[in-house]
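Below, read A as the first sequence line, B as the second, and so on, with proteins coming before strands; counting in each chain starts at 1.
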Amino acid sequence: MKRKAWKLIAGCLVTVMIFASLAGCANKEPAQTSGDANTDAVTPEGKDAVVETVKGGEDASGGTTDVEPTGIQAGTSFRFWTNYDLPVYLPWIDNRGTALCLQVYDNLLVKYKGNSDDIRCNIAESYTISEDGLVYDFILKKDVYFTNGNQVTSKDFIATWDAVTKYQPRGVANVKSYEAKGDYELVVTLNAPSASFLYELPTQSVYGVVDHTLIEKYGMEDNRAAVGCGPYYIESYVSGEKFVLKANPNYHNPERAPHIETCEVVIIPDVNTAMLALENGEIDCMNTVNIEVYNTLVDMGWDIHIVEDRVNPFWLNVRQVDLFKDIRVREALAHMIDWQAVTDLVYDGMYPVAGSYWGDGVGSYPYSDKYTYDPQLGIKMLQDAGYKLEDIKFTILADPDFTDMEVAIVSQLNELGLVNVDTVTYDGATCYGMLKSGTYEVFPCHNGYGLESPLTPFTMGMLENGTQPVMFLKEANPEAFEKAMELYNSANTAATWDSYVDYVSQLTNLVQEEVLALGGVKVMRFFAVGSKYKGVYISPISGYMEFNHLWVDEG
Amino acid sequence: MLKYILKRILIVPVLLLFVAFFVFILLNLSEADPVLQMMPAEYTQVEYDAMAARFGLDKPLLVQFGNWVVNAVQGDFGISYKTKGPVSGDVLYRIPISWNLALITTLLMIVIGVPLGALCAVKQYSTFDNITNVLAKFMGSIPGFWLGLMLIQVFSIKLGWFPTFGMKGWRSWVLPVFTFLLPYLANYLRQVRSAMLDCIRQDYVRTARSKGAKESVVIYRDALRNALLPIITLTGGIFASMIGGAVMIEKVFAFPGIGYKILEGINNRDMPTILACTMILSLFTIGAQLVIDISYALVDPRIRATFAGKKKVKKLDAVKATGGGE
Amino acid sequence: MSEKLLEIKNFNVRYTTDKVISRAVNHVNLTIHKGEVLGLVGETGAGKTSTALAILGLLPKYTAEVDGEIIFEGENLVGAREKKLRAIRGKKISMIFQDPMTSLNPVFRVGEQIADVIKFHDNKLSHGEVAEKVDDILKMVGIPASRKGEYPHQFSGGMKQRVMIAIAIACNPDLLIADEPTTALDVTIQAQVIKMMRSLQKELGSSVLLITHDLGIVANFCDKVAIMYGGEIVENGTLEEVFDKSRKHHPYTEGLFASLPDITTRTERLTPIKGLTPHPSELPEGCKFHPRCPYCMDVCRSGGNPPQHQNGTHMIQCHLFS
């Protein structure tokens, strides 16, 4: 009896294994064949390969503008993947909605084709800035219409900015007043001159203009008010499923006129499902910072466009950990991590080692030799400072995205004799909570760095009321903090972009010299886009893609 | 009976209130300050206070709870901390999806599980029983998300029969339902089998056989009717748990259901969403319990008797009294 | 002598569970004549119920193994087709079980449970006719027909056993097997039930196989008695033969009687049989009773079964009489 049962179990297990292996084979076969067909895909080999990234204003798909169609290509569609839902899609509600808002809401100016060096007029016909850099005067085009037919006037901007003041106060933080002069002129007065203002309120789609009659009618939280004048309009939204966007035939800006008739923003929470959907042709594009997903996509034969994302420096909590108050300890630790080995091990060398806290972007300043990898020097510094290696005791906080990297760092430090360094992983929200309350020891985060807002990390991390306290310069070195605050204020009131960048760079240098973080690697964002789509413009750092430049190469 | 049902229905709001209060207190015990979570990078105390006031978070806890109850009764579950949109519509939209998924799966589970489980019990230790048992154990231990992805791989990509994700007509339901069903079915089968085994071993089944009843009558009428009691409890419980329990399925197949919503809510410390989902799930659980109790009475006369009017109960007591000594 | 109704010849039952073999019934020979009441007496685990269930073909399919013959109305029931057995069950041979509390299905009305057996064996009867029959039968067992719509839990133990009897006699069977029909009942109720069974047996003329360990009931009710021990019939004869103290008996039978109180002589203590009934999986060699037998001899301890000594209708299986 029993023997019979065992035979049965064994038999069943074998059958199951056969099925499982068959399923495994089924998984690989098509991938290999299609992989062969696309050998020219970007496949960096080995750690020395230079990662080719897509720059702003550059068509990642390699399409040429001379064959770019004019007008809407009838019957074309594009399906874009996102993993979260956006139940209310008014621009100011949720800044995760940028991927969508970018297509639906237009602003006065535009960062043309994702290139931050190319700010052009959009709804604004022209603008002037007063000599003291405080007054911005925008003249509006007179032929701009919302997709419901209403004309865009200064009233709409005033109503939109009223909502922004309530929901996204950061956008108007430096704004003293805004007023409409007649129907087609807007005057914005700032508290202090600001070099980055132009990139913010008049440019960001989060502050895109919405029909004021609808805001008055439905309020600031009702989707019925979500009517913009962008290249696309939302035809339908199914909660938890998708947004269907239709090209706006009366779009005002010929430079940005849409080509693809229907775009869908498809919500799939699970990244694996998204990959399968991409393979099955049910979505046309996905993007990720996950190296595993990238490798799978490459295996599947996808042509991957790589865009530079933010750096996540590993910040040391000087306030919480007494040990970190000693700059010798901070510097010694910075010498002891081999970031190249970390990226080779965890990211196949795909994520380059950052040369600064902010990568190579605006306001970055290269590391001094305080960050060169020299473990013996690090150990010596610790010993000279009178520390035993086992005295160095801290825990690196990780959200699941960073666990692998932190394990690699911790094992490096452990091997060097810092046996009491450890790491712990919590879910994203818990980490975020600990970050906000400042109750962590070491944590990697970019603090909202952007090409147009290089000062943001300091605002969030260094100022007293910052929401993501990571730069505890005040505790580390009060004098340096005084100096940093001076630089910060100077940057904030800088009238020109160049002087602004200069101040931010100095500030970065100051923070780096104080070794407030251990350094980090540059995160890369990987875009897989169906090969028939041309006009793929992706903005670096923020990783946004505009649908209106896309077109289908029918040839 | 009617009076009993009425009583049970009347107690539902009280139960819900307790659940809501419990969840509310529990969520407020956590450290995270919801206002802080909602604030942008830089803010002033004035902005902080404005945000707190907008969500009513500046008031004492009990007042907050009171306000929530008053609004919830009118169908307004507040504004989500995360999406800043009203919770009610978003959550309500998801109910039919979760409900249908649970219902279809439960029905299939009954249709397949009960006869198969009964058959296993009847043919206990036979080859059929052994194979089914091993298969059930195997199915029960397959992780749902893995199975889902494998099924997509085979049936969507390789064979192209069903869409990989989303809700695109009836075809979209096949893979999610199947993935959802399998582990539940495995467990269900074994439970039905053991419930049936209990009944098959009962003396009254032997009596039925000794009366010359056909085996099928013995199993599907005499035994199954008695096994229905534990099966109903099991099924009702499973159904209630399915409505909120399809998190993995909803995630893998991009099905906008309640389960994933509540998970998102918890991850984002989004109290209005959590509370709204909890209320709905509690309502379903209480409802399922009520249906279970009513079905009990329909199936088992002994339980029906306890629902009967006072007169009958007295009579019953009298019968019991005379029978007690025997 | 009247016609043989049931003849069990050299009948064995073996159970196999988890590789343990239990020999529950061993080369049993029994005969029941028409209209006769046979008492099958023995302790728990002696194989009485197995024998009874085997007659109806109700032993568990996968664990029980039978061999031998059970001849009923000239046909062997051992290995008979299920369909044939079904036609006999309830109709020609019916059974009353030990525990009326659990033997009735709790979810069906008692009327339905009685009607079932009638319908199983005669599907031509109309609804009304069946109902009429049910009423009649209920009356026969002393239950008002008005209670047929009630459920078993609304009946007392004695009443439940009456319902069981009603089910058993519903088709007027030739053989009624009563497996300890009164064990679960109160003493006063026991008497009522036995009395009723006796009168019904007389009225219907059925044969009865009464399984019991109560010698008092046997004396009251039976024509013939078989004593069973360790799955074997150790003594077999008419009521008078077995109960006659002047005759020689099997040591086990003697033990049984000695363990009964005697009203005529005042005894301080009853004399129980020493030791315990062996489990059917651990039956000893030789005579199954030898470990407990006061007259045990060397010859009893090994070899096969003791010889059977037939004296007219009286049979004893023991070495003592060799």
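Heavy-atom neighbours of B/F18 CZ from other residues, nucleotides or ligands within 6.0 Å: at or below the threshold of 12. Atom OH of C/Y15 has more than 12 neighbouring heavy atoms from other residues, nucleotides or ligands inside a 6.0 Å radius. A 6.0 Å sphere centred on CG of B/L107 holds more than 12 heavy atoms belonging to other residues, nucleotides or ligands. Annotation for C/K148: atom NZ counts as buried by contact number, over 12 foreign heavy atoms lying within 6.0 Å.
Within the 4.5 angstrom heavy-atom criterion, only side-chain atoms of C/L53, from C-beta onward, approach chain B. Residue contact with chain B, scored on non-hydrogen atoms closer than 4.5 Å, involves the backbone of C/L104 exclusively. Using a 4.5 Å cut-off between heavy atoms, B/V122 contacts chain C through its backbone alone, with no side-chain atom that close.
In terms of heavy-atom proximity, C/F120 sits nearest to B/G212 at CD1-C, 4.1 Å. Taking both residues in full, the closest heavy atoms of C/R86 and B/E215 are given as NH1-N, 4.4 Å, listed atom of the first, atom of the second, then distance. Of all heavy-atom pairs spanning C/D99 and B/D203, the tightest one is CB-OD2, 4.2 Å. Closest non-hydrogen pair, B/N226 versus C/P106, comes out as OD1-CG, 3.2 Å. Considering every non-hydrogen atom in both C/R89 and B/R209, the closest pair reads CD-O, 3.0 Å.
Here B/R206 does not pair with C/D179 in a salt bridge; the nearest charged N to carboxylate O distance is not below 4.0 Å.
For the atom pair C/I96 CD1 and B/T207 OG1, the distance stands at 11.0 Å (nearest 0.5 Å). Between C/M164 atom CE and B/S210 atom OG the span is 6.0 Å, to the nearest 0.5 Å. Distance check: C/F108 CZ to B/R225 CZ gives 5.0 Å after rounding to the nearest 0.5 Å.
The backbone N or O of C/Q113 sits less than 3.5 Å from a side-chain atom of B/K211, completing a donor-acceptor pair.
Counting heavy-atom pairs closer than 4.5 Å to chain C, the top-ranked of the candidates B/D222, B/L229, B/V217 is B/D222. With chain B as the partner, the residue from C/V117, C/N105, C/T102 showing the most heavy-atom pairs under 4.5 Å is C/N105. Taking C/Q190, C/H121, C/M95, C/E82 one by one and counting their heavy-atom pairs under 4.5 Å with chain B, the maximum is reached by C/H121.
For the pair B/R221/C/D116, a side-chain contact is recorded, criterion being any heavy-atom separation below 4.5 Å from C-beta on.
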